[in-house]
Structure formats: C-alpha cells, structure tokens
Amino acid sequence: MRKIISFLQTRPQKRRANKDTSNYTTKNCKQIVQNGEFITSTDALVCSEINKNAKFAFVGSQDEFSNTENLLSQQVDFKQILAEGNDYKELFKNILEIIDDEDEIIIDITHSSRDSVFAAMLSSLIHRLRFNQKLILIHAKPTENGYEFVRLNQYIDIIEYSFALLSFKQYIKVPNLSIDDDFYRNLKRFSEAFLSNQIDSCRKIYPKLKESLETEKEESLLFLSEFIDDILDELSFFDEITNQTPRYQIYFNVAVFLHKKGYFLNSSQFLIEAIPCYVFDCLKSQILGEDIEFSQGISDICGEFLKYTGNKSTFKLGINFQKFCKVSDIRWSISNIRNRLTHIDIDFNHNLENELENLLYSFKKNIITNDILRKQITEQDFTKNQFIKFLKRYKTDRDNQKAVLENLKMILNV
C-alpha cells in the first residue's frame with residue numbers, strides 16, 4: 001500500500017494571471033503524480049488518479065488544517081500530523097507511527113523546512129525503515145511556467161552511502177540498507193568477513209572494495225572523497241600483503257587496526273593467534289624447511305611448544321631459551337587480558353585498553369622489529385633437539401593435529 005505524506009503550504013503563493021491554480025508537470029514522477037492545474041503540490045497528489053487507493057497524511061499547523069479547503073480542490077481522508085515550530089522530535093515520532101505497515105512511502109517536501117535538523121530527521125527516518133520498505137522523496141520546484149515534480153532519491157542515496165561509510169569507519173560494521181550496487185556489496189562483504197575473523201576472505205575481497213571506493217569517490221561520492229581516503233589509508237596494510245607476507249605480520253596489523261576501532265577482545269585474540277604463527281615461521285625457516293604448509297593444527301602444536309620452552313619452573317633450559325621465555329611471557333600477558341575481556345569481571349580494570357596497547361608495542365619491538373626468536377633458533381642443534389624431545393612427549397586427541405604431528409616427526413626423523 002502507498003502512503004503519501006505531504007507538508008501543507010503555509011501561505012499559498014500568488015498565482016500567475018490571478019488564477020487559483022498553477023501548472024504542475026512531472027519529470028521523473030509519472031508513477032506518482034499527474035500533469036495538470038492544481039492549487040498546491042498536495043492538491044496535485046490528491047487529485048492524481050494513480051493515487052486513488054493511496055493513504056494520505058498531511059503535516060501542518062493547526063491554522064493550516066483549518067484552511068485545507070483553500071489548499072485542496074477535492075476532499076480526501078487524511079491523517080493529521082501537527083507540526084508547530086521546529087519540534088522535529090515529535091514530528092519524527094508521528095511519521096514513524098503512520099508508516100509502519102506501508103510498503104511504499106512518498107514524502108512531498110515541497111513546503112517543508114530546509115534546515116539541517118530537518119535533513120538529519122530524514123536521515124534518521126530512512127534508517128528506521130524495514131528493509132523491504134521503499135521511500136521516495138519528491139519536490140515541486142518552480143519553473144518559468146509553473147512547477148515541476150522531481151524525485152530527490154539521489155539525496156536518499158547520498159544519506160545511505162554516508163551512513164554506510166560512517167558506520168564502517170567507526171565500527172567496521174555496515175548496516176542493512178536498500179542500496180544495490182557493487183560498492184555497497186563489496187563494503188558489506190568485507191565488513192562481514194572482517195567481523196567474522198575471516199582475514200583470508202578479506203584479502204580476496206579487498207582489491208574489489210578498494211577499486212569500488214576509488215571509483216565512487218571520483219564520481220557519485222566526490223563530496224566524500226576525503227572521508228573515503230581516510231578509510232583507504234586505514235586499510236592500506238592490505239596493500240602490503242603478498243603471498244610471502246608472514247601470517248603473524250598480517251595478524252599483528254589486524255590487531256592494531258582492531259585496537260584503534262575499540263574491538264579490544266578481537267584485537268587480543270588476533271595478537272594471541274599471531275604468536276604461534278611466529279613460532280612456526282621461525283621453525284620453518286631454520287629447522288623444518290620451506291615445504292611445510294601452515295595449518296591450524298601446526299599452529300596449535302607450535303603454541304604448545306612455546307609453553308614447553310617458556311615454562312621456566314618446569315624446564316631448566318637456561319639462557320638458550322631466554323627468548324622463547326620472552327615470547328611466552330608476551331603471549332601469557334595477552335591471554336590474561338583476553339580472558340578478562342571474555343568473562344564477567346567485577347574488578348574490571350579500565351586500563352585494559354592501555355595494557356593491550358603496551359603489549360602491541362612489545363610485540364612490535366620484540367617480534368616484528370627485532371625478530372628475537374629467529375635469532376635464538378640460529379643455534380639450530382639445541383632448538384632442534386628440544387623440539388624433537390617435545391614431539392616425542394606430546395600427545396593429542398585432536399584430528400587436525402594428529403596428521404601434522406606425524407608429518408613433523410617424519411621431517412625430523414623422530
């Protein structure tokens with residue numbers, strides 16, 4: 001069902017040639033209103049045959065509602081929405097109440113306010129609609145011979161694009177909107193993959209997202225070009241990812257990004273996952289050989305090996321494993337923060353954000369910049385012997401680890 005909301009004309013303008021009506025034509029509104037002589041834009045909508053089954057609601061003051069016989073050439077049933085002054089909060093509430101069950105909402109803003117608060121109200125209205133509701137804004141603009149109805153849907157698109165980008169920039173989340181183009185689909189797919197921790201999927205989607213963002217900022221979203229540049233700058237670490245980029249480096253960059261966005265739990269999780277990836281990368285380059293592929297199973301085993309080498313109270317490995325102990329300490333500290341973020345903590349420490357930031361710095365200094373573990377493993381024989389001892393002792397019931405464990409033993413002739 002179509003619902004038409006029209007703002008009543010406060011003071012009918014002086015008619016040309018002393019006529020009571022003006023000539024109204026349509027541009028891209030032929031399915032909404034017809035051409036003809038009418039008193040006001042509201043009158044044109046009421047008298048159009050195409051709207052004979054539509055429901056009407058008029059917005060106006062008490063004085064305007066008492067003067068509708070001078071604004072309409074035929075009677076029609078309508079709901080009154082009183083609008084006195086600039087009480088947009090009440091206006092917004094009343095409009096929401098009458099459009100809840102309608103599939104198509106047409107709002108004639110010819111005689112509405114033009115201030116920024118009203119524009120913000122329209123933006124809020126758009127984002128309160130159901131996904132299957134269609135909103136059309138129209139306006140009768142003055143012409144040399146009368147008025148011409150035009151759609152203002154480009155403004156709806158601008159509002160929705162702006163809302164999607166603002167939400168993505170602040171929260172990496174993209175709301176469900178009625179936009180149907182590559183730009184929105186790529187943004188939505190990237191957001192969903194990122195918030196599901198599917199970074200490999202993000203890597204595949206990112207080139208298309210970047211291309212669509214760069215295209216739109218030169219065309220329909222030119223007015224948002226600086227805003228889009230900020231988003232591209234924040235995601236630029238994806239440009240640096242190649243097939244040779246270590247996974248721990250990727251996870252670290254993601255953790256930094258998530259920390260900036262306030263997703264501290266997700267940030268700590270990526271930082272934790274990065275550490276066994278780092279252990280694997282060091283073992284691969286120094287001991288295991290380049291043919292072995294990364295998997296979740298081998299990541300789990302490398303994490304257990306780090307616990308083995310970093311347990312200072314049980315394994316007296318001395319100075320040979322001090323760097324392993326350092327990395328293990330970083331992992332334990334991150335894990336502690338993650339656990340406190342995951343569970344209800346009545347003694348919640350609001351400095352966790354700063355603690356996590358310090359651990360990001362420690363990770364970058366010790367692992368990214370100084371690569372301390374790889375230098376430690378240059379003593380290949382000692383590390384290799386300890387890794388073999390660990391593999392002999394390690395037991396697992398996990399299917400994803402069993403095959404990996406046997407493969408490692410075969411590589412090292414255990």
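Remark: aromatic rings of F280 and Y248 are distant, center separation not under 6.0 Å. The ring of F65 has its center no closer than 6.0 angstrom to the ring center of F58. Aromatic pair Y308/Y394: ring centres not closer than 6.0 Å. Aromatic ring centroids of F190 and F194 lie under 6.0 Å apart.
A donor-acceptor pair under 3.5 Å links the side-chain atoms of Y24 to the main chain of S41, judged by distance alone. At distances below 3.5 Å, not a single donor-acceptor pair connects side-chain atoms of S201 with backbone N or O atoms of A193. Of the possible donor and acceptor atoms, one in the side chain of K3 sits under 3.5 Å from a partner among the backbone N and O of I98. A donor-acceptor pair under 3.5 Å is formed between the side chain of S285 and the backbone N or O of C282. The backbone N or O of M1 sits nowhere less than 3.5 Å from a side-chain atom of K55 that would complete a donor-acceptor pair. No donor-acceptor pair closer than 3.5 Å links the side chain of H259 to the backbone N or O of V254. Using modelled atom types, one side-chain atom of S236 and one backbone atom of D233 make a donor-acceptor pair closer than 3.5 Å. Using modelled atom types, no side-chain atom of S328 and backbone atom of C325 make a donor-acceptor pair closer than 3.5 Å. Side chain of T26 to backbone of C29: no donor-acceptor contact under 3.5 angstrom is found. With hydrogens and angles disregarded, no donor-acceptor distance shorter than 3.5 Å links the side chain of S335 to the backbone of R331.
Look at R338 and E273 and you find no salt bridge, because none of the NZ, NE, NH1 or NH2 atoms lies under 4.0 Å from a carboxylate O. Look at K307 and E304 and you find a salt bridge, because one of the NZ, NE, NH1 or NH2 atoms lies within 4.0 Å of a carboxylate O, short of that distance. The existence of a salt bridge linking D239 and K210 is confirmed by a sub-4.0 Å separation between a basic side-chain nitrogen and an acidic carboxylate oxygen. Between D229 and K217, at least one side-chain N (NZ, or NE/NH1/NH2) sits under 4.0 Å from a carboxylate O, which counts as a salt bridge. Salt bridge absent: K208 and E211 never bring a charged side-chain N and a carboxylate O closer than 4.0 Å.
Counting non-hydrogen atoms of other residues, nucleotides and ligands closer than 6.0 Å to CD of E226 gives a total of 12 or fewer. More than 12 heavy atoms of other residues, nucleotides or ligands lie within 6.0 Å of NZ in K409, so this atom counts as buried by the packing criterion. Under a cut-off of 6.0 angstrom, the local environment of CD in Q31 is sparse, with at most 12 non-hydrogen atoms contributed by other residues, nucleotides or ligands. Heavy atoms from other residues, nucleotides or ligands lying under 6.0 Å from NZ of K27 number 12 at most. Surrounding OH of Y171 are at most 12 heavy atoms belonging to other residues, nucleotides or ligands under 6.0 Å away. Residue-environment remark: NZ (K364) stays at or below the threshold of 12 foreign heavy atoms within 6.0 Å.
The shortest heavy-atom contact between S48 and Q34 is OG-N, 3.0 Å. Nearest heavy-atom pair, F168 versus I231, reported as atom, atom and distance to 0.1 Å: CE2-CG2, 3.7 Å. Contact detail for V76 and F56: the closest heavy-atom pair is CG2-CD1, 3.8 Å. In terms of heavy atoms, F252 sits closest to L360 at CE1-O, 3.4 Å. I330 and L359 get closest at one heavy-atom pair: O-CD2, 4.4 Å.
For the side-chain hydrogen bond (donor to acceptor under 3.5 Å, both in side chains) test with D281, the passing option among R374, R247, Q286, Q249 is R374; the others fail.
For the residue pair D108/T110, the side-chain donor-acceptor check at 3.5 Å is satisfied. Between the side chains of Y278 and D371, at least one donor N or O lies within less than 3.5 Å of an accepting N or O. For D182 and S212, the side-chain atoms include no donor-acceptor pair closer than 3.5 Å. Under the 3.5 Å distance criterion, with hydrogens and angles disregarded, no donor-acceptor pair is assigned to the side chains of R2 and N53.
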I32/I136 under side-chain contact (heavy atoms from CB on, under 4.5 Å): CA gap, chis, key distance, verdict: CA-CA 10 Å; I32 300 171; I136 301 172; 3.8 Å; yes

side-chain contact (heavy atoms from CB on, under 4.5 Å) evaluation trace for I292 with L408: CA-CA 9 Å; I292 189 167; L408 290 171; 3.6 Å; yes

Chi angles and distances behind the salt bridge (charged side-chain N to carboxylate O under 4.0 Å, His left out) call for K261, E234: CA-CA 10 Å; K261 298 299 178 185; E234 288 185 331; 2.8 Å; yes

Derivation of the salt bridge (charged side-chain N to carboxylate O under 4.0 Å, His left out) call for R189 and E192: CA-CA 5 Å; R189 287 173 59 218; E192 290 173 348; over 6 Å; no

Worked verdict on V150 versus I138 for side-chain contact (heavy atoms from CB on, under 4.5 Å): CA-CA 6 Å; V150 293; I138 61 172; over 6 Å; no

Residue pair F238, I250: steps toward the side-chain contact (heavy atoms from CB on, under 4.5 Å) verdict: CA-CA 8 Å; F238 277 96; I250 298 172; 5.9 Å; no

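Residues passing the salt bridge (charged side-chain N to carboxylate O under 4.0 Å, His left out) test with K395, sequence neighbours excluded: none.
Considering NZ of K30 and CZ of R151, their distance stands at 11.0 Å, rounded to 0.5 Å. L356 contributes atom CG, which lies 7.5 Å from atom CD1 of I334 (distance to the nearest 0.5 angstrom). Taking CD from E97 and CD1 from I95, the interatomic distance works out to 10.5 Å, rounded to the nearest 0.5 Å. I275 contributes atom CD1, which lies 10.5 Å from atom OG of S299 (distance to the nearest 0.5 angstrom).
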